[in-house]
Participant: 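Sending over a structure as C-alpha cells; questions will come in a sec.
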Amino acid sequence: MKKISFDETMLSSFCSEKELETMKNDALAAKDTLVNGTGEGNDYIGWVNLPENYDREEFARIKAAAGRIREQSQALVVIGIGGSYLGARAAIEFLKPSFGYENAGGLDIYYAGNQLSTACLRHVIKLIGDRDFSVNVISKSGTTTEPAVAFRVFKELLEKKYGKEGAARRIYATTDKARGALKKLADAEGYETFVVPDDVGGRYSVLTAVGLLPIAAAGCDIDALMAGGQAAREELLSAPFETNMALRYAAYRNYFYRNGKAVEILADYDPSLHYICEWWKQLYGESEGKDGNGLFPASVDLTTDLHSMGQYIQDGPRFLIETVLGLNDDAEPILIKEEPEDLDGLNYLAGKPLSFVNDCAAKGTALAHSQGGVPNSVINIDGRDAFALGELFYFFEFACGVSGYILGVNPFNQPGVESYKKKMFKLLGKPGY
C-alpha cells in the first residue's frame, strides 16, 4: 500500500517479535478462512474482492445520480443508521472537513435516521429551510425503525414541496435488489434505486452504493477511493505475515487480548478523523463482541480528550491498548508568531507551524502512554485524499475479518443487535411482540 503504513515500533517492549510469532499461524489460518470462504458468515464476504469486482454499470449510475443531486439541490439528507451511514459520513468529513453540518463541497450534507431525537430531526428540517433538497434513504429492509421514521418525515416534506412525481425524482433508495419494504415502495413510486449487495454486511459496505452515492454527491473522488481499496486488497492478499500490516495488526490485537487487555482505544489528532473512529468502532464492536469475547473498541479525539480522558489512560487500570491514526496533512500552515511581551510563554515556538506542535503532542503522548504501560502503535495516513482513505477502509475491514476468525467468532453476524429491538417493539405495541 502506498499511503497507509503501520508503525509498531513502540509495541516491541510489550510484545517481542518472538512472541508475535506465536500468533503467526493463527493469523495465516484466519486469513485463509476469510479469503477461501470456509468460515462462519462466508455468505457475507463479498467485500473481500469488491474493489476489483464491483458493478461498473451501477458505479456509473452512482456518479450520474450524484451529479444530478448537486445540480438540482442545495442539500442532501442521508437517511440511514449504523453501517448505512457511518462509512459515508466518515469519508465526507475526512475528505471535506468542515464545522457543523455544512459540507465544504458546495452541497450541504445532513444525516437523519441514525437516532430518535425529536430536537435533532427538527434541527435538520430547520437547516434545510426553503432550499431545494434531495434524499438518499439507505436500508436493506426498509423497516429499521430509526431510518424508516425519518424517511416518512422527509418523504412527506418532499411531496408537499414538489408533488409526488417531483419528490420521486429527488429520492434515491439504496436497498435490497429484489425484495423488502423499501424496494417495493421504490418500484411503486419510481425512485432510482441502488443495491445493497446480498453478500456484503452493512458495516463492510462503505465501498458499495451504500457509501459511494453520498460520498460522490459530496464531490469526492470515488474512482480514487476504489483504486485505494484495490491497492490495499492486492497487497494484503499477497504480502507475507512479516510485512502484512493487516495480519500483524490483527495478531497484535489478539495477542494482547489473550494476555489480559480488554479495551482498544483508537485515537486521532484531527477532528476530521472523528467519524472514521466512529465507523471503526461499529466495525470491530459488531464483528467481535460475541459470546463474551472481544476487545471493547473505544475512541478519543486528541489533544482535546487529553484534558478529560488523559489521566485515566495514563494512570488508570492497565487493560488498554492504543492505536493512533496519524495524518500527514497538506493544509496551508498556520505559523505561530512572536509577541513583543511573552506573557503566555510561547515565544519559543515563534516561526513554528501549528502542525509541528500537534505532531509533538502526538509523539509525546504516545511515549508517555507507552511508558505508562499502554501498548501504543500508529497507523499513518499519508495525505488527505480519497486513495489513502480507500486503502484505510479496506485495511481495517480485512484486519477485522482476520481478527474475528483468530478470536473464534463469526465476524459477519450481529445476533445481539436483535435483543434490544424485541424489547423496544414490545413496549411500542408492535403487532407480534
Participant: Excluding sequence neighbours, so at least two apart, what forms side-chain hydrogen bond (donor to acceptor under 3.5 Å, both in side chains) with N49?
Facilitator: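 In terms of side-chain hydrogen bond (donor to acceptor under 3.5 Å, both in side chains), with neighbours along the sequence ignored, N49 is linked to R233.
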Participant: Would you say the ring centers of F395 and Y249 fall short of 6.0 Å from each other?
Facilitator: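 Yes - the distance between ring centres of F395 and Y249 falls below the 6.0 Å cut-off.
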Participant: Are Y433 and L427 close enough that some pair of their side-chain heavy atoms sits under 4.5 Å apart?
Facilitator: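 They are not in side-chain contact.
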Participant: Output a table of donor-acceptor pairs, distance under 3.5 Å, between side-chain atoms of residues 363-381 and any protein atom two or more places apart or on a different chain; print 'none' if there are none.
Facilitator:
| from | atom 1 | to | atom 2 | distance (Å) |
| --- | --- | --- | --- | --- |
| T365 | OG1 | A361 | O | 2.6 |
| H369 | ND1 | E322 | OE1 | 2.7 |
| N376 | ND2 | E322 | OE1 | 2.6 |

Participant: Ignoring hydrogens and angles, write down the donor-acceptor pairs under 3.5 Å from the side chains of residues 296-303, residues two or more places apart or on other chains.
Facilitator:
| from | atom 1 | to | atom 2 | distance (Å) |
| --- | --- | --- | --- | --- |
| S299 | OG | K281 | NZ | 3.3 |
| D301 | OD1 | H274 | ND1 | 3.3 |
| D301 | OD2 | H274 | ND1 | 2.8 |

Participant: Report the residues that fulfil ring pair (Phe, Tyr, Trp, His ring centres under 6.0 Å) with F393, sequence neighbours left out, ordered by chain and then residue number.
Facilitator: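 With neighbours one apart ignored, the set is W279.
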Participant: Closer than 4.0 angstrom, basic N to acidic O: yes or no for E242 and K24?
Facilitator: yes
Participant: Please determine whether side-chain hydrogen bond (donor to acceptor under 3.5 Å, both in side chains) holds for the pair Y284 and E264, giving the CA-CA distance in whole Å, both sets of side-chain angles, and the decisive distance to 0.1 Å.
Facilitator: CA-CA 10 Å; Y284 281 81; E264 179 179 10; over 6 Å; no
Participant: Within a strict 4.5 Å, meaning less than it, do heavy atoms of the R253 and E288 side chains meet?
Facilitator: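 R253 reaches E288 side chain to side chain.
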Participant: If we only count heavy atoms from C-beta on, is the V196 to D176 side-chain gap below 4.5 Å?
Facilitator: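 Not touching, per the 4.5 Å side-chain cut-off.
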Participant: Taking the side chain as every heavy atom from C-beta outward, state whether V206 and V210 have any pair of such atoms under 4.5 Å apart.
Facilitator: no
Participant: Whether K140 and D198 form a salt bridge (side-chain N of Lys/Arg under 4.0 Å from carboxylate O of Asp/Glu) is what I want to check.
Facilitator: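 Between K140 and D198 there is a salt bridge, with a charged N closer than 4.0 Å to a carboxylate O.
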Participant: Output all residues satisfying side-chain hydrogen bond (donor to acceptor under 3.5 Å, both in side chains) with D268, sequence neighbours left out; order by chain, then residue number.
Facilitator: none
Participant: Can you tell if the side chain of D108 reaches within under 4.5 Å of the side chain of I128, non-hydrogen atoms only?
Facilitator: no
Participant: State which residues pass side-chain contact (heavy atoms from CB on, under 4.5 Å) with A227; sequence neighbours excluded, sorted by chain then number.
Facilitator: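 For A227, the residues satisfying side-chain contact (heavy atoms from CB on, under 4.5 Å) (neighbours in sequence not counted) are F387.
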Participant: Dump the intermediate steps for side-chain hydrogen bond (donor to acceptor under 3.5 Å, both in side chains) on S5 and D382, then the final yes or no.
Facilitator: CA-CA 8 Å; S5 61; D382 186 15; over 6 Å; no
Participant: For residues Y44 and F412, establish whether the separation of their ring centroids is below 6.0 Å.
Facilitator: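 Centroid separation for Y44 and F412: 6.0 Å or greater.
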Participant: Check this for me, if you would: do E192 and R68 make a salt bridge, where the nitrogen-to-carboxylate-oxygen distance has to be below 4.0 angstrom?
Facilitator: yes
Participant: Is it the case that K261 places NZ or CZ above or below the six-membered ring of F256, under 6.0 angstrom from the centre and within 45 degrees of the axis?
Facilitator: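 Negative - K261 is either too far from the ring of F256 or too far off its axis.
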Participant: Just checking, R248 and F241: is the charged tip under 6.0 Å from the six-membered ring centre and within 45° of the axis?
Facilitator: yes
Participant: side-chain hydrogen bond (donor to acceptor under 3.5 Å, both in side chains) with D329: which residues, sequence neighbours excluded?
Facilitator: R384
Participant: Residues in side-chain hydrogen bond (donor to acceptor under 3.5 Å, both in side chains) with Y275, at least two apart?
Facilitator: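 side-chain hydrogen bond (donor to acceptor under 3.5 Å, both in side chains) check on Y275 returns R89.
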Participant: For residues 25-42, which residue pairs pass the side chain to side chain donor-acceptor pair (under 3.5 Å) check, not counting sequence neighbours?
Facilitator: D26-R258
Participant: Applying ring pair (Phe, Tyr, Trp, His ring centres under 6.0 Å), name anything that partners F59, two or more places apart in sequence or on another chain.
Facilitator: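 Result, ring pair (Phe, Tyr, Trp, His ring centres under 6.0 Å) vs F59: Y54.
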Participant: Any side chain to side chain donor-acceptor pair (under 3.5 Å) involving residues 201-222? Give me the pairs, sequence neighbours left out, ordered by first then second residue.
Facilitator: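 The answer is R203-E286, R203-S287, R203-Q414, Y204-S287.
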Participant: Only counting residues at least two apart or in another chain, list the ones meeting side-chain contact (heavy atoms from CB on, under 4.5 Å) with S16.
Facilitator: K18, E19
Participant: Which word best sums up how the rings of F151 and Y191 line up, parallel for under 30°, tilted for 30 to 60°, or perpendicular for over 60°?
Facilitator: perpendicular
